[in-house]
K.L.:
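Following this message is one structure expressed as structure tokens.
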Amino acid sequence: MQTTAIVAKFEELFKNEPLISRAPGRVNIIGEHTDYNDGFVLPASVDKEMVFAIALNGTNSVNAFALDLNEQDSFNLDSIVPTEGWINYIKGVVAETAKKGLKPQGFDVVFAGDVPLGAGMSSSAALECGLATGLNKLFNGDLSKLDIVLASQMSEHNYAGVKCGIMDQFASTYGQTNKVIKLDCRTKEYEYHTLDITGHKLVLCNTNVTHSLASSEYNTRREQCEAGVEVIKKKYPEIINLRDVSVEMIKEFEGEMDQVIYNRCSYVVEENDRLVKACEFMDKGDLVNLGKMIYGSHEGLSKKYEVSCPELDFLVEQTLEDDNVLGARMMGGGFGGCTINLVKEDAVDAFIDRMTKAYKEGMGKDMLAYAVVIGPGARTEEAVEA
């Protein structure tokens, strides 16, 4: 992300030299709908980010300029109440970092980003974590990375009104170059695994569709998983939730519970198992078998968990006969958004071209593609001269 324009706009508007903070969007290699079942996720921060130029202004006000929208807004620190629009995210971060012990002061900020909106790469988490990281430095705070993650998550809950899990903010803050994060959603414990895809690229294919039934269907999936756990507990009372169920154990209940409930539960159990195996394959540098886990994830999400859609399934099906693609699956909550594809590097341009044409012919829609690189998480730096 080019910071020069952001710094130049800041100096034009506020006649001051800013601090720079930035935070990336993320991908998730494998592990969907496992988070609210206390399972594992495997995100990584990428080279699409939100960038902030910020400086103290000696007042009790916050003045913010969204460069991408060419819009300005302000609020007073004495009265931070949720409102409409992008300023809400700024308010949320200020309010929630204050709850973590950061002492807010008036500041000016200009920000912009290249995290694609609506692509499931979590532009909102990048905004929250990038600003929180910058304010921690600006206010001489001592917030830990986990404080920043939790404050950012709560700003999403309490100001944006989205009851998100912890994965997006965690990946944006803790990300490292060429590393994926195996995050335990129950304990918040995490470990890094190196993802060496030398000779390959991660390519996102954006369906450009969002389906309105997503939020209601997510709630239904949660309820179905909980219903399955209640059946399993009758035989295994020590089980807390699906995180505690093995692949062998869940098979005992086929025919013992409603088929739809069984499908939902067996998908989650199998996805956790695939994720653990995916980490083992990454550690060995075995991209072929990693790709098989990624394909298995999509199969489960589409057939058992039923959170895919025709557009996502179409894009994955287009890769099945392509020797240049090692793995492909829908990424994110479902019903739209992107597929993530592990593609041989020298075939990326041809892959994008072929997929774009096939999608237009097959689904009658335009597809956008992004090749992404796994990069570092949220950080601050001194501004360079604009």
K.L.:
Whether the Thr194 and Lys179 side chains hold a donor-acceptor pair (N or O, under 3.5 Å, no angle test) is what I'd like checked.
P.N.:
yes
K.L.:
Using the test side-chain hydrogen bond (donor to acceptor under 3.5 Å, both in side chains), find all partners of Ser122 that sit at least two apart in sequence or belong to another chain.
P.N.:
Asp168
K.L.:
Hydrogens and angles aside, do Tyr305 and Gln224 bring a side-chain donor and acceptor to less than 3.5 Å of each other?
P.N.:
no
K.L.:
Answer yes when Glu306 and Arg221 have at least one side-chain N-carboxylate O distance shorter than 4.0 Å, and no when they do not.
P.N.:
no
K.L.:
Is the CG atom of Asp142 crowded by more than 12 outside heavy atoms at less than 6.0 Å?
P.N.:
no
K.L.:
To the nearest 0.5 angstrom, please state how far the OG1 atom of Thr133 sits from the CD atom of Glu128.
P.N.:
11.5 Å
K.L.:
Before accepting this row, confirm whether a basic side-chain N of the pair Glu32/Arg329 lies closer than 4.0 Å to the acidic partner's carboxylate O.
P.N.:
yes
K.L.:
Starting from the C-alpha separation in whole Å, work towards a yes-or-no answer on side chain to side chain donor-acceptor pair (under 3.5 Å) for Glu271 and Tyr267.
P.N.:
CA-CA 6 Å; Glu271 183 78 343; Tyr267 160 74; 3.2 Å; yes
K.L.:
Answer yes or no on whether Lys182 is positioned over the face of Phe40, meaning its NZ or CZ is under 6.0 Å from the six-membered ring centre and within 45° of the axis.
P.N.:
yes
K.L.:
Could you go through Val343 and His200, starting from their C-alpha distance and side-chain angles, then the distance that decides it, and tell me whether this counts as side chain to side chain contact (heavy atoms under 4.5 Å, CB included)?
P.N.:
CA-CA 5 Å; Val343 184; His200 301 78; over 6 Å; no
K.L.:
With the side chain counted from C-beta on, respond yes when Cys185 and Val41 share a heavy-atom pair under 4.5 Å apart, and no when they do not.
P.N.:
yes
K.L.:
Under 4.0 Å between a side-chain nitrogen and a carboxylate oxygen: does that hold for Glu49 and Arg26?
P.N.:
no
K.L.:
State, to 0.1 Å, how close Ala64 and Trp86 come at their nearest heavy-atom pair, and which atoms those are.
P.N.:
O-CH2, 3.5 Å
K.L.:
If you measure only the distance, is there a donor-acceptor pair under 3.5 Å linking the side chains of Thr59 and Asn57?
P.N.:
yes
K.L.:
Can you name the closest pair of heavy atoms from Arg354 and Asp322 and give their distance?
P.N.:
NH2-OD2, 2.8 Å
K.L.:
Do the non-hydrogen side-chain atoms of Phe111 and Asp68 ever get within less than 4.5 Å of each other?
P.N.:
no
K.L.:
Surrounding CG of Asp283 (heavy atoms of other residues, nucleotides or ligands, distance under 6.0 Å), is the total greater than 12?
P.N.:
yes
K.L.:
Nearest heavy-atom pair of Tyr190 and Phe170: which atoms, and what distance?
P.N.:
CD2-CZ, 3.4 Å
K.L.:
Could you tell me the separation between the CE atom of Met249 and the CD1 atom of Ile232, rounded to the nearest 0.5 Å?
P.N.:
8.0 Å
K.L.:
Hey, does Ser152 have a side-chain heavy atom less than 4.5 Å from the side chain of Thr173?
P.N.:
no
K.L.:
Membership question, hydrophobic clusters at under 4.5 Å side-chain separation (ILVMFWY): are Leu275 and Tyr192 in the same one?
P.N.:
no
K.L.:
The test is side chain to side chain donor-acceptor pair (under 3.5 Å); show your working for Gln259 and Asn263 and say whether it passes.
P.N.:
CA-CA 6 Å; Gln259 186 63 43; Asn263 285 345; 3.0 Å; yes
K.L.:
Show the numbers, then the answer: is there a salt bridge (charged side-chain N to carboxylate O under 4.0 Å, His left out) between Glu270 and Lys304?
P.N.:
CA-CA 11 Å; Glu270 289 163 1; Lys304 285 190 169 185; 3.0 Å; yes
K.L.:
Which pair of non-hydrogen atoms, one from Asn289 and one from Asp286, has the smallest distance, and what is that distance?
P.N.:
ND2-OD2, 2.7 Å
K.L.:
Around atom NZ of Lys277, are there more than 12 heavy atoms of other residues, nucleotides or ligands at under 6.0 Å?
P.N.:
no
K.L.:
With sequence neighbours left out, what residues match Asn63 under side-chain hydrogen bond (donor to acceptor under 3.5 Å, both in side chains)?
P.N.:
Ser74, Asp108
K.L.:
Side chains of Ile6 and Thr4: closer than 4.5 Å at any heavy-atom pair?
P.N.:
no
K.L.:
Can you tell me if Ser302 and Asp313 form a side-chain donor-acceptor pair at under 3.5 Å?
P.N.:
yes
K.L.:
So which atom in Leu127 and which in Met50 form the shortest heavy-atom distance, rounded to 0.1 Å?
P.N.:
N-CG, 3.7 Å
K.L.:
So, taking the atom named CG in Leu56 and the one named CZ in Phe107, what distance separates them when rounded to the nearest 0.5 Å?
P.N.:
9.5 Å
K.L.:
Apply side chain to side chain contact (heavy atoms under 4.5 Å, CB included) to residues Arg274 and Ile294 and explain how you reach the verdict.
P.N.:
CA-CA 8 Å; Arg274 277 189 289 266; Ile294 292 170; over 6 Å; no
K.L.:
Are a donor atom and an acceptor atom from the side chains of Glu96 and Asn158 found within less than 3.5 Å of each other?
P.N.:
yes
K.L.:
Before giving the answer on side chain to side chain contact (heavy atoms under 4.5 Å, CB included), spell out for Val316 and Glu299 the whole-Å C-alpha distance, their side-chain angles and the decisive distance to 0.1 Å.
P.N.:
CA-CA 10 Å; Val316 172; Glu299 180 77 6; over 6 Å; no
K.L.:
Kindly indicate whether the side chain of Phe351, heavy atoms from C-beta on, has any atom under 4.5 Å from the side chain of Val325.
P.N.:
yes
K.L.:
Rounded to the nearest 0.5 Å, how far does CZ of Phe52 lie from CD1 of Ile90?
P.N.:
5.5 Å
K.L.:
Would a single hydrophobic cluster contain both Val115 and Tyr174, if residues Ile, Leu, Val, Met, Phe, Trp and Tyr are joined by side-chain heavy-atom contacts under 4.5 Å?
P.N.:
no
K.L.:
So, Asp38 and Arg186, do they make that salt bridge, N to O below 4.0 Å?
P.N.:
yes
K.L.:
Are Val245 and Ile240 connected in a single hydrophobic cluster, I mean Ile/Leu/Val/Met/Phe/Trp/Tyr linked by side-chain heavy atoms less than 4.5 Å apart?
P.N.:
no
K.L.:
Could you please spell out the steps behind the side chain to side chain donor-acceptor pair (under 3.5 Å) verdict for Lys91 and Thr83?
P.N.:
CA-CA 9 Å; Lys91 289 180 174 181; Thr83 47; 3.0 Å; yes
K.L.:
Quick check for you: to the nearest 0.5 Å, what is the distance between Phe139 atom CZ and Ile54 atom CD1?
P.N.:
7.5 Å
K.L.:
With heavy-atom distances below 4.5 Å as the criterion, would you say the side chains of Val269 and Ser266 are in contact?
P.N.:
no
K.L.:
Any chance CD of Glu238 has more than 12 other-residue heavy atoms, nucleotides or ligands included, within less than 6.0 Å?
P.N.:
yes
K.L.:
Take Asn28 and Leu42 through the test side chain to side chain contact (heavy atoms under 4.5 Å, CB included) and record every step on the way to the result.
P.N.:
CA-CA 6 Å; Asn28 189 29; Leu42 198 66; 4.2 Å; yes
K.L.:
I want to check something: taking the side chain as every heavy atom from C-beta on, are Met121 and Val46 in contact at a cut-off of under 4.5 Å?
P.N.:
yes
K.L.:
Just checking Lys357: does its NZ atom have more than 12 heavy atoms from other residues, nucleotides or ligands closer to it than 6.0 angstrom?
P.N.:
no
K.L.:
Answer yes or no: does atom NZ of Lys9 have more than 12 heavy-atom neighbours from other residues, nucleotides or ligands under 6.0 Å?
P.N.:
yes
K.L.:
If we only count heavy atoms from C-beta on, is the Val268 to Cys225 side-chain gap below 4.5 Å?
P.N.:
yes
K.L.:
Quick one: do Met167 and Ile148 end up in the same hydrophobic cluster if we chain Ile, Leu, Val, Met, Phe, Trp and Tyr together by side-chain heavy atoms under 4.5 Å apart?
P.N.:
no
K.L.:
Near Lys251 NZ, under 6.0 Å, is it more than 12 heavy atoms from other residues, nucleotides or ligands?
P.N.:
no
K.L.:
Using the rule given for side chain to side chain donor-acceptor pair (under 3.5 Å), can you reason through Ser144 versus Asp147, listing the C-alpha separation, both sets of side-chain angles and the distance that settles it, and then say yes or no?
P.N.:
CA-CA 5 Å; Ser144 67; Asp147 288 334; 3.2 Å; yes
K.L.:
For Gly333 and Val307, work out which heavy atoms get closest and say how close.
P.N.:
O-CB, 3.7 Å
K.L.:
Please check if Ile197 and Val180 belong to a single hydrophobic cluster, counting links between Ile, Leu, Val, Met, Phe, Trp and Tyr side chain heavy atoms closer than 4.5 Å.
P.N.:
yes
K.L.:
Do the side-chain N and O atoms of Asn37 and Arg222 include a donor-acceptor pair separated by under 3.5 angstrom?
P.N.:
no
